[in-house]
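Right, one structure below, let's go through it.
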Amino acid sequence: MKLRNRSKRPLTLKSLWHYFSIYTLAIMVSTSLLSGCSFKYSFSGASIPPEVKTLFIANFQNDALGPANLGQDFTDRLKEYYQQNSSLDIVDRNGDWSISGSVTNYSVAPIALTAQSAAASNRLTIAINVVFESKKDETKNFTQSFSQFADFPQNQTLSQVETEKINEIFEKLLLDIFNRTAANW
C-alpha cells in the first residue's frame, strides 16, 4: 500500500505511526464485528470464559514448617492477584471457580558449595498444593503442586532475607497458578 502525502511535507516516523495505528484499529474493529465468537480478553493474558463471573478462594492451610502466617499471607496475595489481573468477583462461597490448597513445603538448603565444602549460597523453596474446581466446565478441574525458590548468599541469614524472599517466591507462584487457571498455560 502506498501512503499518500497530500501536504507535501516529508513523512515522519510520527505520521507513519499515525497511519499504522488507524489501520490497525480499523482491522481490529472489523474483525471483532465480523466474528460471532464471544470471549473475554485482558492484557494480563487471561482467557476466562464469559460465563465465569465469580471466584472463591479458600484459606490455604500451612502444613509446612514455615512462618505461622504463611498460608494466610498466600491466600491474601492470591485474592489480590486475581482482583488485579482478572474481571472475576471474589466471593465468600459458591464461586463459578474455586481455588483451595495448602503450603506443603518450606525449606532452606545449601547450594553452590565452595572448595571448602561450605555453602556459597542458600535456597529457600516453597511448595503449594492447589485444588482448582470449575462449576462451569469440570474438565478444567485439577490438583497440582507448584514449587518455586529464591537464592540468597551464605553471608546472610534466613531471618535477614526471609520477608523479601517469600515475596519473591510468592510472585512466581501466583503467576504460575494464574497462568494454569486463567490463561490455560
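Start at 1 with the first residue, then count along the sequence.
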_For a 4.5 angstrom cut-off between non-hydrogen side-chain atoms, does Asn141 reach Thr139?_
no
*Atom NZ of Lys135 and atom CH2 of Trp97: how far apart are they, to the nearest 0.5 Å?*
14.0 Å
*asked:* Any heavy-atom pair between the side chains of Ile48 and Leu88 that's under 4.5 Å?
replied: yes
*Would a 4.5 Å heavy-atom cut-off, applied to side chains only, mark Phe142 and Arg180 as touching?*
yes
*Counterpart residues, side chain to side chain donor-acceptor pair (under 3.5 Å), relative to Asp151 (two or more places apart)*: Arg123
*asked:* Go through it in stages, so that I can follow the logic: the residues are Ile126 and Phe149, the test is side chain to side chain contact (heavy atoms under 4.5 Å, CB included), and I'd like the CA-CA distance, side-chain angles, deciding distance and then a yes or no.
replied: CA-CA 6 Å; Ile126 299 175; Phe149 63 87; over 6 Å; no
*Straight-line distance of Lys140 NZ to Asp137 CG, nearest 0.5 Å*: 5.5 Å
*Quick one: does Asn129's side chain get under 4.5 Å of Thr143's, heavy atoms only?*
yes
_Distance-minimising heavy-atom pair for Thr157 and Phe152_ = C-CE1, 4.2 Å
*asked:* Please give the remaining members of the hydrophobic cluster of Val91, linking ILVMFWY side chains under 4.5 Å, ordered by chain and number.
replied: Phe56
*Does the side chain of Phe178 reach to within under 4.5 Å of the side chain of Ser86, using non-hydrogen atoms?*
yes
*Is Tyr81 close to Ile177 at the side-chain level, that is, under 4.5 Å between some pair of heavy atoms?*
no
*Side chains of Thr181 and Tyr82: is there a donor and an acceptor less than 3.5 Å apart?*
yes
*Going through the checks in order, is the side chain to side chain contact (heavy atoms under 4.5 Å, CB included) test met by Ser147 and Asn105?*
CA-CA 8 Å; Ser147 181; Asn105 183 34; 5.5 Å; no
Listed pairs under 3.5 Å, donor-acceptor, residues 62-73 side chains, sequence neighbours left out:
{"residue": "Asn62", "atom": "OD1", "partner": "Ala64", "partner atom": "N", "Å": "3.1"}
{"residue": "Asn62", "atom": "ND2", "partner": "Pro67", "partner atom": "O", "Å": "2.7"}
{"residue": "Asp63", "atom": "OD2", "partner": "Ser102", "partner atom": "OG", "Å": "3.4"}
{"residue": "Asn69", "atom": "ND2", "partner": "Asp73", "partner atom": "OD2", "Å": "3.0"}
{"residue": "Gln72", "atom": "NE2", "partner": "Asp76", "partner atom": "OD1", "Å": "2.9"}

*From Glu164 CD over to Gln156 CD, what is the distance, rounded to the nearest 0.5 angstrom?*
7.5 Å
*State, yes or no, whether a side-chain contact exists between Ile166 and Leu124 at a heavy-atom distance under 4.5 Å.*
yes
*Cationic N near anionic O, under 4.0 Å, Glu171 to Arg77*: yes
*Interatomic spacing from CG in Leu55 to OG in Ser98 - rounded to 0.5 Å*: 8.0 Å
_side chain to side chain contact (heavy atoms under 4.5 Å, CB included) evaluation trace for Asn122 with Ile111_ = CA-CA 5 Å; Asn122 295 303; Ile111 59 169; 5.9 Å; no
*How many angstroms lie between atom OG1 of Thr54 and atom CG of Asp96, to the nearest 0.5 angstrom?*
3.5 Å
*Could you state the interatomic distance from CD (Glu162) to CG (Asn167), rounded to the nearest 0.5 Å?*
10.5 Å
*Between Gln148 and Asp176, do the side chains contain an N or O donor and an N or O acceptor separated by less than 3.5 Å?*
yes
_Given Phe74, which partner from the list Tyr106, Phe146, Phe170 fulfils the ring-ring contact (aromatic ring centres under 6.0 Å, His included) test?_
Phe170
